[in-house]
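First comes the structure, then the notes that go with it.
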Amino acid sequence: MTARSQLGSEEHAAEALGQLLRETGKPHFGSDADSELERLLRAVGRSSSERTPGPAWRTWSLVAAVVALVGVLGSFEWHRRQGVALTFSANGVPRHGPTAIAADSERAVDLEFSDGTVFHVEPAARLRVESSSATGARLNAASAPSLSATLQQTPTRTS
Amino acid sequence: MLGRPEAKAARIVTFPQPRLTDAELVHAVAQGDHVALAAVWNRYVGDVRGAIHSCLGADSATDDLVQDVFLGFYRNATRLSTPSALRSYLFGIAARACAFELRTRARRFRWLRFTKTGELPDGPVAESPLDSRDSLRALRRVLERVPELPRMAFVLRYAEDLSPQEVAIALGISDAKARRAITKGRERVLALGRGEPALMAYLRTRSEDE
């Protein structure tokens, strides 16, 4: 007997056994079918509050959770940035602490702070950054005949 | 929306069943529609009872298990991923309910035995010839010795005539796993069945028939 014919005969035998299960002693309602339906509907009426929430409800819960998480992370990041002192660079070169900026006679210097504020120091002018903190920076522009700045919403505090 | 009558028999309205597909009924039940649930009941209660009968035989727990199947469907209707496969889904709940019932009984009768062997006599079987009843009893003994998943797959495939894909949906498993379970169930049932003289007539190969 080939494997194929053996498989066929096994299918045939299994189907015969399935038919034996299906057809021998066909079931009938122990009680009236209508009364069983009534029993189901009574049970359903009692258990309506136990139903599993649907996909739409779960989707909105997920969206709300993601929004809340993003909000919390954003808040942490905002507070973290608030607590960090302003940094600055002169023509792209990072500087630290009290620093004197002296522009060449032919070349201006752009003093850029980490909050986005940029001071344009004219050629031959001098400027001193006295200090910088999380809330602003103190600049001394006594030797700067002209100083222009591009300010952000929360500009660097200068004096 | 199909309306939400109270759960009283007097207010159950005849549902226009032919106009609604299984998917539409599932959607309505998911909305809490009791009339749609009654329509699902009328459409499939016979199949569900048949599936439970295939698993347990004539059994006093059948009515309660049928209730469990439809109640389970009502509670989880919103989660059906393939509403058009409602019949398979109901068969799956029925198969799992039967498996749970058998497990519970096995634990219970380990401590409490009414007969010497622990086997209980079959309930009343309607209008079956005596040899068929012997064969059926032998087949149930065989099925009790088959692991749960292959047993459910065998019953769904060969007694309820579900396709392998429908068996997969019913049992919530992949097509490949359903095919393996069907094959394993068939092989186990046939191997164990060869030890039951009452099943010999069913196990004759086609070539022997010819």
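So you know, we letter chains A, B, ... as the sequences are listed, proteins then strands, and number each from 1.
Separating the CD atom in A:Glu11 from the CZ atom in B:Arg157 is a distance of 6.0 Å, to the nearest 0.5 Å. Atom CD of residue B:Glu160 and atom CZ of residue A:Arg22 lie 7.0 Å apart, to the nearest 0.5 angstrom. The distance from atom CG of A:Leu21 to atom CG of B:Leu139, rounded to the nearest 0.5 Å, is 4.5 Å. Between the CG atom of A:Leu20 and the CZ atom of B:Arg133 there is a distance of 12.5 Å, given to the nearest 0.5 Å.
At a threshold of 4.0 Å, the pair A:Glu10-B:Arg186 counts as salt-bridged, since one of the basic side-chain nitrogens sits closer than that to a carboxylate oxygen.
Looking only at side-chain heavy atoms (C-beta outward), A:Gln19 and B:Tyr158 stay at 4.5 Å or farther from each other. Looking at B:Val66 and A:Glu36, their side chains never come closer than 4.5 Å, going by heavy atoms from C-beta outward.
Ranking B:Ser54, B:Cys55, B:Gly185 against chain A, the residue ahead of the rest is B:Ser54, based on heavy-atom pairs under 4.5 Å.
Between A:Leu17 and the choices B:Leu199, B:Val142, B:Leu143, B:Val155, the side-chain contact (heavy atoms from CB on, under 4.5 Å) rule is met once, by B:Leu199.
Legend: salt bridge (charged side-chain N to carboxylate O under 4.0 Å, His left out) pairs involving residues 80-96 of chain B, not counting sequence neighbours, sorted by first then second residue: B:Asp47-B:Arg87.
Looking at B:Asp64, the atoms closer than 4.5 Å to chain A (heavy atoms on both sides) sit in the backbone and in the side chain alike. Within the 4.5 angstrom heavy-atom criterion, only side-chain atoms of B:Leu190, from C-beta onward, approach chain A.
Closest approach of A:Ala16 to B:Tyr202, counting heavy atoms only: O-CD2, 3.9 Å. Taking each heavy atom of A:Val44 and B:His34 in turn, the nearest pair found is CG1-NE2, 3.3 Å.
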